[in-house]
Colleague: 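Sending over a structure as structure tokens; questions will come in a sec.
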Protein chains: 2
Amino acid sequence: MDRLDKKILRLLQEDSTLAVADVAKRVGLSTTPCWRRIQKLEEEGVIRRRVAVLDPTKINARVTVFVSVRTATHSVEWLKRFSEVVSEFDEVVEFYRMSGDVDYLLRVVVPDIAAYDAFYKRLIARIEIRDVSSSFAMEQIKYTTELPLDYMILEKGDRDA
Amino acid sequence: MDRLDKKILRLLQEDSTLAVADVAKRVGLSTTPCWRRIQKLEEEGVIRRRVAVLDPTKINARVTVFVSVRTATHSVEWLKRFSEVVSEFDEVVEFYRMSGDVDYLLRVVVPDIAAYDAFYKRLIARIEIRDVSSSFAMEQIKYTTELPLDYMILEKGDRDA
DNA sequence: TCTGAAAGCCTTTCCCG
DNA sequence: CGGGAAAGGCTTTCAGA
């Protein structure tokens, strides 16, 4: 991956409806090589997918809750099952295993607090959890799917912008 | 919005490269009305954008850090500036104003702990913060841009699947 | 690897139930 | 609102350097 790939990724992270010819123009290539590069980035899995991003308020998914979970000590199999059960919930949009005093962190999306309560009950009905603590987001100030590209490692001979 | 729109959204949240004709087939419409519905969903802002989702490991953005921030009591202007300054950082991919004992929560993406430390220094150099606490994610078990559609409010007469 | 042009497929429009 | 068919535009392939 060189700086042209990086430019292409920057554009497509922002707007994947751009025509290949447009991307090509902006990075200073003609369409064919640009098309091939995008193809390669997809094959290599650098581009994982192309998706539509929806407005949460318009589909009644206004509230984000961060759920901190402490599990009791369990076997590897239990932890695997725990991951699977939690991941199955559509309301869980992000799910991390953490270092520090919290074992897991979930980002849960629901319409309101009542729906969160219902979700919570369904969750604990499916799996035993030692300790759960919920923090409600009052406002989503920033949310982006664009990952920082500044840390990308370029091949030798590509040190400029 | 009816259940056909919901089906369309479900498909496009998953894969926005689907041809309109394919989406149409899967929801049981022909291309023209399906195209019109997608158009409308875009105009109404239900579909906010279409983006490429990248693999974090392939672009050297492996580590997620959750940063809990407590601010001192400040004016509305200061809080506005705080939001702007924090949002400017590409490493901050999510940023929430919270209820409870933490005032703000940031999801920060960096390649490693050293890069996080550098980010942290740049952040506190730009704005004064009372208290910062960082939690590192060891593993991203689930990450999806797909919001739950089950809570969507449909127009009267659309109560089925 | 890049360019330019040709072929094929989709999107988008038009007009009719 | 939904459908079929035509026009226009993009994507994808192919040949040449």
Side-chain angles (χ1 to χ4, degrees), chain A residues 1-55 58-60 145-146 149 152-161, chain B residues 1-55 58-59 145 149 152-161:
Chain A
M1 289 196 293
D2 60 11
R3 69 200 179 75
L4 288 179
D5 287 325
K6 188 168 161 182
K7 277 189 178 178
I8 292 169
L9 291 173
R10 212 182 279 286
L11 290 167
L12 293 181
Q13 270 203 121
E14 215 179 273
D15 180 6
S16 68
T17 66
L18 281 172
V20 178
D22 287 350
V23 176
K25 202 175 296 171
R26 300 204 201 181
V27 303
L29 279 173
S30 60
T31 60
T32 310
C34 185
W35 180 85
R36 269 199 297 257
R37 278 166 181 269
I38 293 169
Q39 212 63 13
K40 188 146 170 279
L41 289 166
E42 276 167 352
E43 276 162 28
E44 292 171 346
V46 179
I47 296 173
R48 261 213 297 200
R49 57 205 325 210
R50 287 149 184 267
V51 303
V53 178
L54 309 187
D55 183 331
K58 302 246 163 85
I59 56 162
N60 198 27
T145 55
E146 293 174 46
L149 288 168
M152 232 178 85
I153 294 152
L154 305 178
E155 264 111 55
K156 241 173 65 183
D158 285 297
R159 299 284 90 163
D160 59 303
Chain B
M1 289 195 294
D2 60 11
R3 68 200 179 74
L4 288 179
D5 287 326
K6 188 168 160 181
K7 278 188 177 178
I8 292 168
L9 292 173
R10 212 181 279 286
L11 290 167
L12 294 181
Q13 270 204 120
E14 217 179 89
D15 180 6
S16 68
T17 65
L18 281 173
V20 178
D22 287 350
V23 176
K25 201 175 296 170
R26 299 204 202 182
V27 303
L29 278 173
S30 60
T31 58
T32 309
C34 186
W35 181 85
R36 273 198 294 251
R37 279 167 180 267
I38 293 169
Q39 212 64 14
K40 188 144 170 279
L41 290 166
E42 276 166 352
E43 276 162 26
E44 291 171 347
V46 180
I47 297 173
R48 261 214 298 201
R49 56 205 325 209
R50 288 149 184 266
V51 303
V53 178
L54 309 187
D55 183 332
K58 302 245 162 88
I59 56 161
T145 55
L149 289 168
M152 231 177 86
I153 294 151
L154 306 178
E155 263 112 56
K156 240 173 65 184
D158 286 296
R159 298 284 90 160
D160 59 302

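In what follows, chains are A, B, ... by sequence order, proteins preceding strands, each numbered from 1.
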Colleague: Check side-chain hydrogen bond (donor to acceptor under 3.5 Å, both in side chains) between Arg36(B) and all other residues, then give those that pass, not counting sequence neighbours.
Modeller: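 Residues passing side-chain hydrogen bond (donor to acceptor under 3.5 Å, both in side chains) with Arg36(B): none at all.
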Colleague: Using every non-hydrogen atom in the two residues, find where Met1(B) and Lys58(A) come nearest and quote the distance to one decimal.
Modeller: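 Looking at all heavy atoms of both residues, the closest pair is CE-O, 3.4 Å.
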Colleague: Holding to side-chain hydrogen bond (donor to acceptor under 3.5 Å, both in side chains), I want the full list of residues that pass it with Asp22(B), two or more places apart in sequence or in another chain.
Modeller: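 Residues passing side-chain hydrogen bond (donor to acceptor under 3.5 Å, both in side chains) with Asp22(B): none at all.
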Colleague: My understanding is that only residues two or more places apart in sequence, or in another chain, count here; which of them pass side-chain hydrogen bond (donor to acceptor under 3.5 Å, both in side chains) with Thr17(A)?
Modeller: Asp15(A)
Colleague: Can you check each nucleotide of nucleotides 4-17 of chain C against protein heavy atoms at under 4.0 Å and return B for base, S for sugar-phosphate only, - for none, in 5' to 3' order?
Modeller: BB----SSSBB---
Colleague: Provide, to the nearest angstrom, the distance between the CD1 atom belonging to Ile8(A) and the C1' atom belonging to dC2(C).
Modeller: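 Going from Ile8(A) (CD1) to dC2(C) (C1'), I get 13 Å.
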Colleague: Kindly write out the residues that satisfy salt bridge (Lys or Arg N to Asp or Glu O under 4.0 Å) with Arg10(A), not counting sequence neighbours, or none if the list is empty.
Modeller: Asp150(A)
Colleague: Any salt bridge (Lys or Arg N to Asp or Glu O under 4.0 Å) pairs touching residues 37-48 of chain B, not counting sequence neighbours?
Modeller: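 Found Asp2(B)-Arg37(B), Asp5(B)-Arg37(B), Lys40(B)-Glu44(B), Glu42(B)-Arg50(B).
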Colleague: Please report the closest heavy-atom contact between Val20(B) and Thr31(B), naming both atoms and the distance.
Modeller: CG1-O, 3.8 Å
Colleague: Cys34(B) and Ile8(B): which non-hydrogen atoms are nearest, and at how many Å?
Modeller: SG-CD1, 4.1 Å
Colleague: Quick one: how far along DNA chain D does chain B reach, first to last nucleotide 5' to 3', anything under 4.0 Å to a heavy atom?
Modeller: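 Endpoints of the contacted stretch of DNA chain D: dG2(D) to dA5(D).
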